[in-house]
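Notes for the one structure printed next.
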2 protein chains.
Amino acid sequence: MAGTTTTRRTVAEKNDARRIQLAESALRTLGELGYARTSLREIAHNSEFTHGVVHYYFRDKHDLIVTGLRHYKAQCVTRYDDVVATATGADELADGFVDKLVETIVDEAPMHRLWYDLRAQSMFEVELREAVLTIDATLEQMIWRVLTRYAELVGRAVRVPSAAAYALLDGLFQQALLGHLTDRAEALVDLGVHVRDLLPHLLEPSA
Amino acid sequence: MAGTTTTRRTVAEKNDARRIQLAESALRTLGELGYARTSLREIAHNSEFTHGVVHYYFRDKHDLIVTGLRHYKAQCVTRYDDVVATATGADELADGFVDKLVETIVDEAPMHRLWYDLRAQSMFEVELREAVLTIDATLEQMIWRVLTRYAELVGRAVRVPSAAAYALLDGLFQQALLGHLTDRAEALVDLGVHVRDLLPHLLEPSA
DNA sequence: CGATTTTCTTGACATTCGTCCAAACTCTTG
DNA sequence: CAAGAGTTTGGACGAATGTCAAGAAAATCG
């Protein structure tokens with residue numbers, strides 16, 4: 001019985017590991033081709049497995065993509081936590097935040113465009129909504145942590161609601177991503193300028 | 001000769017009319033199903049023509065969708081021009097602008113989600129980029145007209161670049177659209193509050 | 001009206017898609 | 001080692017896709 005449970009856990013762990021492995025592979029392919037043009041066969045082809053395996057580990061296409069989405073969430077949530085934790089001044093935090101924003105656009109552009117793709121898809125496909133809204137809320141909280149810490153360091157209170165702050169920054173980010181992907185050289189610099197300009201305006205005016 | 005030219009023009013006009021008719025039908029279907037799941041057959045089925053006609057008037061699928069996109073641009077450009085032209089005070093302009101924003105989300109949600117869908121697609125498909133960037137620039141100018149008039153009425157200069165202002169408002173708009181489509185009742189009210197709150201911060205501080 | 005051009009219908013084509021399945025293979029366990 | 005569960009393979013399926021072409025139908029013009 002003890003041996004059985006050990007085995008069972010190992011088997012289950014292996015199963016989970018494969019699921020994550022396939023989900024990550026799916027994310028890579030989706031990030032390259034986009035939701036519309038990514039097939040299960042293409043995902044399998046870009047992994048080390050055959051297309052049949054995908055259906056052994058995932059009920060259907062939605063199961064695979066939603067699993068990938070949830071896995072993606074776990075990665076990006078902590079993106080700015082280091083900056084928040086280590087920054088000792090408001091400007092240092094703002095600079096570090098902007099640097100990370102630019103860095104992630106450069107390094108992870110495919111994942112970001114996939115996110116915007118899937119968020120747009122969720123406006124059409126009900127099956128995607130729950131996962132998208134969950135991640136959206138998580139990203140909003142991530143931004144909120146940066147902003148409240150920034151306010152703390154400045155010594156002023158945050159003026160705008162969490163949702164508004166996230167929407168504003170997301171608008172800037174999305175524009176920069178589109179600009180970066182369409183070879184507008186100044187897109188990343190502009191992002192930094194605009195974000196640095198915006199941040200103080202999200203706080204209460206100084207007394 | 002005179003008769004021929006008359007006929008030729010009539011023929012060309014008829015051809016253009018059909019193209020627009022089909023492009024509009026395509027936009028309706030795309031707005032319902034999204035880019036990923038819309039087929040030429042479905043577009044034709046939702047129109048009064050058969051799928052063969054689509055290929056008589058359009059070279060291929062891209063030709064149809066890009067034509068639809070350009071047609072869409074012409075419609076939405078003038079959306080806020082009335083408000084800009086008739087408003088006599090800053091608050092009146094801001095209120096009218098916000099009302100129009102909310103109104104268009106309610107009335108034309110399918111077209112808006114299609115726009116965000118296609119803009120996301122343009123990050124993957126090079127063929128869509130030119131049309132998307134053109135429309136994006138047009139929308140930015142549309143917002144800029146509202147904002148400069150608003151600044152004029154307030155008596156202060158606009159502080160942020162055109163692109164940043166557009167990105168910020170677009171972020172709020174996109175969030176409101178997603179909220180509206182996912183039955184978050186307060187989404188539209190929040191949009192109004194956030195936009196009204198943002199507008200003054202886009203201007204130079206009062207001297 | 002007859003001839004010619006333009007427009008539309010219909011069916012076919014090669015692909016590709018998601019899904020499923022039977023058989024082969026791999027590994028753990030008794 | 002043998003048995004069995006778990007995993008992987010590769011092919012098959014029907015459905016749907018974009019594209020195309022041949023011919024019917026309609027409109028136009030001499």
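So you know, we letter chains A, B, ... as the sequences are listed, proteins then strands, and number each from 1.
Proximity note for B/S39 (side chain, C-beta onward) versus D/dT9, D/dT17, C/dG18: the nearest is D/dT17. Comparing D/dC20, C/dG18, C/dC8 by their closest approach to the side chain of B/H55 singles out D/dC20.
Taking the six-membered ring where the residue is Trp, A/H112 and A/F173 present perpendicular rings, their angle passing 60° and hence far from 30°.
The CZ atom of A/R37 sits 14 Å away from the P atom of C/dG18 (whole-angstrom rounding). In this structure, B/H62 places its NE2 atom 15 Å from C1' of D/dT19, rounding to the nearest Å. Atom P of nucleotide D/dT17 and atom CG of B/D60 are separated by 17 Å, given to the nearest angstrom. Across the protein-nucleic acid pair, B/D63 atom CG and D/dC20 atom P stand 12 Å apart, rounded to whole Å. Rounded to whole angstrom, the span from the CD atom of A/E42 across to the C1' atom of C/dT15 amounts to 14 Å. B/H45 has its NE2 atom 12 Å from the P atom of C/dT10, to the nearest Å. Nucleotide C/dC13 holds its P atom 20 Å from the CG atom of B/L40, rounded to whole Å. Nucleotide D/dG18 holds its C1' atom 12 Å from the CD1 atom of B/I43, rounded to whole Å.
In this structure, A/Y56 does not reach the D/dT8 phosphate: none of its side-chain N or O atoms is under 4.0 Å from OP1 or OP2. In terms of phosphate contacts, A/T50 brings no side-chain nitrogen or oxygen within less than 4.0 Å of OP1 or OP2 of D/dT8.
Among the heavy atoms of the strands lying under 4.0 Å from A/Y57 are primed sugar atoms or P, OP1, OP2 only; no base atom is included. Heavy atoms of B/R18 sit under 4.0 angstrom from primed sugar atoms or phosphate atoms, though from no base atom.
A/H51 contributes a side-chain N or O that forms a donor-acceptor pair with the base of D/dG11 under 3.5 Å.
Side-chain contact between A/Y56 and A/R18 is absent, with no heavy atoms from C-beta onward closer than 4.5 Å.
Ranked by how close their nearest DNA chain D nucleotide is to the 5' end, A/R41 and A/E48 are led by A/E48.
Under 3.5 Å, the side chains of B/E140 and B/S162 contain a donor-acceptor pair of N or O atoms. Remark: the B/Y35 side chain and the B/E125 side chain contain an N/O donor-acceptor pair separated by less than 3.5 Å. Judged by distance alone, the side chains of A/T104 and A/E108 do bring a donor and an acceptor atom under 3.5 Å apart.
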